[in-house]
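Side-chain atoms are counted along with the backbone in the values below, which use heavy atoms only and exclude waters and symmetry mates. Everything numeric here is computed off the predicted structure, so don't read it as measured data. Numbering of ligands and ligand atoms starts at 1, following listing order.
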Amino acid sequence: MDKAFQYQIENKQRYLDELFDLLRIPSISADSAYANDIIKCANSISNNLKESGFENVEICKTQGNPVVYADKIISSDLPTVLIYGHYDVQPADPLNLWETDPFDPVIRKSNLHPEGAIYARGSADDKGQFFMHVKAIESLIKTNTLPCNVKLIIEGEEEIGSVNLGNFLKENLSKLSCDVILISDTHIFSNQVPTVTTGLRGLSYVEVEVEGPNRDLHSGLYGGAVPNPINVLSDMIASLIDKDGKITVKGFYDKVIEISPEDRAELNKIPFDEEEFKKSIGLKGTQGEKGYNSLERTSIRPILDVNGIWGGYTGEGAKTVIPSKAHAKISMRLVPDQNPEEITELFTKHFLFIAPESVKVKVTSHHGGNAYVLPSSDPGYKAAKLAMEKTFNKEVLPYRTGGSIPIVSLFEELLGAKSVLMGFGLDSDAIHSPNEHYGLFNFYKGIETIPYFLKFYTENLRSKK
Ligand code: BES
Ligand code: MN
Ligand code: MN
């Protein structure tokens with residue numbers, strides 16, 4: 001594979017230029033105003049894949065945004081690695097907080113990124129990350145050193161819950177058959193402490209509405225005698241978490257699997273520094289479930305958070321009004337074996353139950369997904385660990401993170417294959433936020449590591465046959 005690494009060095013600048021081209025396309029899936037950019041992005045990826053040496057490149061229609069498929073099959077005797085990524089990105093707003101245009105990538109240096117980082121929406125989540133696979137495999141194909149079969153699917157609806165990908169999988173089971181799935185859409189603990197993600201949280205997402213009076217009221221004429229939906233909603237929300245940081249929704253913890261003491265000790269080998277954590281996000285103190293530290297609270301434990309809340313007058317100046325309605329969006333991050341539909345149901349029941357009789361309450365549910373755990377005995381985990389140890393020259397630790405990639409559990413269910421989460425981002429990359437960025441170190445380290453994963457995975461499977 002030395003030839004491939006030589007090829008990577010020679011093409012370093014072009015790799016970056018091509019990524020910049022992708023980052024210039026505002027492929028925002030949440031906003032239909034960008035529908036053309038979604039198509040443009042899928043086309044652009046497909047062209048790039050053809051030039052990179054992939055075969056059977058296809059833009060597959062779905063009920064929603066297209067999935068880009070490609071493969072390079074060299075022998076039916078060799079294992080097949082399916083790579084997954086997403087080309088859709090989150091909306092860029094609030095735009096005024098970006099230091100540079102979110103869709104005009106630039107490189108800036110910082111203390112964390114002395115070699116520079118690419119600032120653009122999607123740089124880390126996930127264009128910069130899935131593109132590492134495209135370029136790593138290009139270097140292997142062009143130097144005739146690809147060690148196994150590869151298939152690739154890049155979808156365009158991850159940020160809106162991958163609502164049509166399940167059907168796409170069901171309709172293409174044999175086309176997508178594989179031994180393992182490889183995904184770079186997560187982060188490592190730090191550039192000094194490389195990690196392989198072995199757990200993701202699940203998600204259950206609801207929207208609630210509390211309705212009081214049948215119209216907005218003058219808060220002087222009516223205030224004091226009527227239920228104010230914002231006050232009521234605030235009370236209800238406040239009661240959802242108790243003083244020990246436990247969620248009060250009845251039955252919420254019933255299916256939670258406690259992490260084993262061994263896995264817990266292993267997770268805590270990560271040099272998580274509470275002080276640094278606080279400093280990095282400008283906090284004086286942290287809080288959460290009693291009996292767990294911040295690292296655990298954000299990964300192996302479930303939580304409920306209000307993601308948005310509105311109602312009444314929020315414009316300039318003062319308007320004395322009791323609104324008719326108040327709303328909130330609430331996310332629940334889940335752990336194995338909590339079931340998202342079941343949790344939504346439990347939440348709905350509970351929320352209706354705690355509502356005072358004076359108001360009407362509605363709960364609607366949005367997309368969700370299951371949590372996921374990859375055991376460290378899995379051959380995919382081992383290959384990822386070895387590959388990263390080779391390129392980082394450091395011990396690699398397993399890392400459970402709190403984010404969600406709902407499709408991962410569906411992959412297991414439908415394709416019968418485990419997903420290996422070998423992401424190269426940092427938690428400071430500001431994904432979903434203004435000034436999202438992705439380190440050049442991380443981008444190139446990923447491109448260097450992926451060939452080793454393919455090699456070690458293949459060798460391990462072969463030695464077992
Ligand atoms: N790539 C992220 C998930 C992620 C990031 C997991 C970092 C672990 C570490 C993904 O694109 C994402 O944003 N997922 C959403 C869920 C989705 C249903 C919108 C999330 O976690 O909020
Ligand atoms: Mn992502
Ligand atoms: Mn995301």
Of the protein's non-hydrogen atoms, which lies at the shortest distance from [atom], and what is that distance?
{"atom": "atom 6 (C) of ligand 1", "answer": "G403 CA, 3.7 Å"}
{"atom": "atom 19 (C) of ligand 1", "answer": "E159 O, 3.7 Å"}
{"atom": "atom 7 (C) of ligand 1", "answer": "H187 ND1, 3.7 Å"}
{"atom": "atom 8 (C) of ligand 1", "answer": "T401 OG1, 3.3 Å"}
{"atom": "atom 22 (O) of ligand 1", "answer": "R333 NH2, 2.7 Å"}
{"atom": "atom 17 (C) of ligand 1", "answer": "E158 O, 3.8 Å"}

Quick check on [X] - does any of its heavy atoms sit under 4.0 Å from an atom of ligand 1?
{"X": "H432", "answer": "yes"}
{"X": "D126", "answer": "no"}
{"X": "D427", "answer": "no"}

Notebook entry, point to check: Does E159 bring an N, O or S atom to under 2.8 Å of the Mn ion (ligand 2)?
Noted result: no

Notebook entry, point to check: What angle, to the nearest 10°, do the atoms NE2 (H86) and OD1 (D125) form about the Mn ion (ligand 2)?
Noted result: 90°

Under-4.0 Å heavy-atom contact with ligand 1, by part of [X] that carries it:
{"X": "T197", "answer": "neither"}
{"X": "R201", "answer": "neither"}
{"X": "H86", "answer": "side chain"}
{"X": "D185", "answer": "both"}
{"X": "P406", "answer": "side chain"}

Margin query: Go through it in stages, so that I can follow the logic: the residues are Y372 and E412, the test is side-chain hydrogen bond (donor to acceptor under 3.5 Å, both in side chains), and I'd like the CA-CA distance, side-chain angles, deciding distance and then a yes or no.
Written below: CA-CA 10 Å; Y372 176 76; E412 184 160 18; 4.9 Å; no

Check: Taking everything shown except N36 itself, do over 12 heavy atoms lie less than 6.0 Å from its CG?
Finding: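 For N36, atom CG is not crowded (no more than 12 foreign heavy atoms under 6.0 Å).
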
Margin query: Tell me whether N111 at atom CG has more than 12 heavy atoms from other residues, nucleotides or ligands lying less than 6.0 Å away.
Written below: no

Next item on the list: Establish, yes or no, whether the cationic atom of R108 lies under 6.0 Å from the six-membered ring centre of Y119 and within 45° of the ring axis.
Entry: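 Yes, R108 sits over the ring of Y119.
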
Margin query: Ring of Y69, cation from K151 - is the NZ or CZ under 6.0 Å from the centre and inside 45° of the axis?
Written below: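 So K151 doesn't make the cation-pi contact.
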
Notebook entry, point to check: Quick one: do R121 and E436 make a salt bridge, cutoff under 4.0 Å?
Noted result: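 Salt bridge between R121 and E436, a charged N being under 4.0 Å from a carboxylate O: yes.
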
Item checked: Per atom 16 (C) of ligand 1, closest listed option by heavy atom (S404, G122, S184) -> S404

Note to self: Just checking Y87 against F130, ring centres under 6.0 Å apart?
What the structure shows: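 Ring centres of F130 and Y87 not closer than 6.0 Å.
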
Notebook entry, point to check: Can the ring centres of F443 and F424 be said to be less than 6.0 Å apart?
Noted result: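 Between F443 and F424, the centre distance exceeds or equals 6.0 Å.
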
Next item on the list: Would you check if the side chain of W98 reaches a backbone N or O of A92 as a donor-acceptor pair within less than 3.5 Å?
Entry: yes

Checklist line | Side-chain donor or acceptor of T298 paired with backbone N/O of S294 under 3.5 Å | finding: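 Indeed, once roles are kept as given, a pair shorter than 3.5 Å links the two residues.
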
Notebook entry, point to check: Would you call the rings of F347 and F351 parallel, tilted or perpendicular, where under 30° means parallel and over 60° means perpendicular?
Noted result: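 F347 vs F351 ring planes: parallel.
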
Notebook entry, point to check: Which of the atoms of ligand 1 are close to I431, meaning less than 4.0 Å from one of its heavy atoms?
Noted result: 5 (C)

Check: Short list, please: which atoms of ligand 1 are under 4.0 Å from a heavy atom of H367?
Finding: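 By the 4.0 Å cutoff, the relevant atoms are 18 (C).
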
Margin query: Is a donor from one side chain sitting under 3.5 angstrom from an acceptor on the other, for E274 and N293?
Written below: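 Looking only at side-chain atoms, N293 and E274 do not form any donor-acceptor pair under 3.5 Å.
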
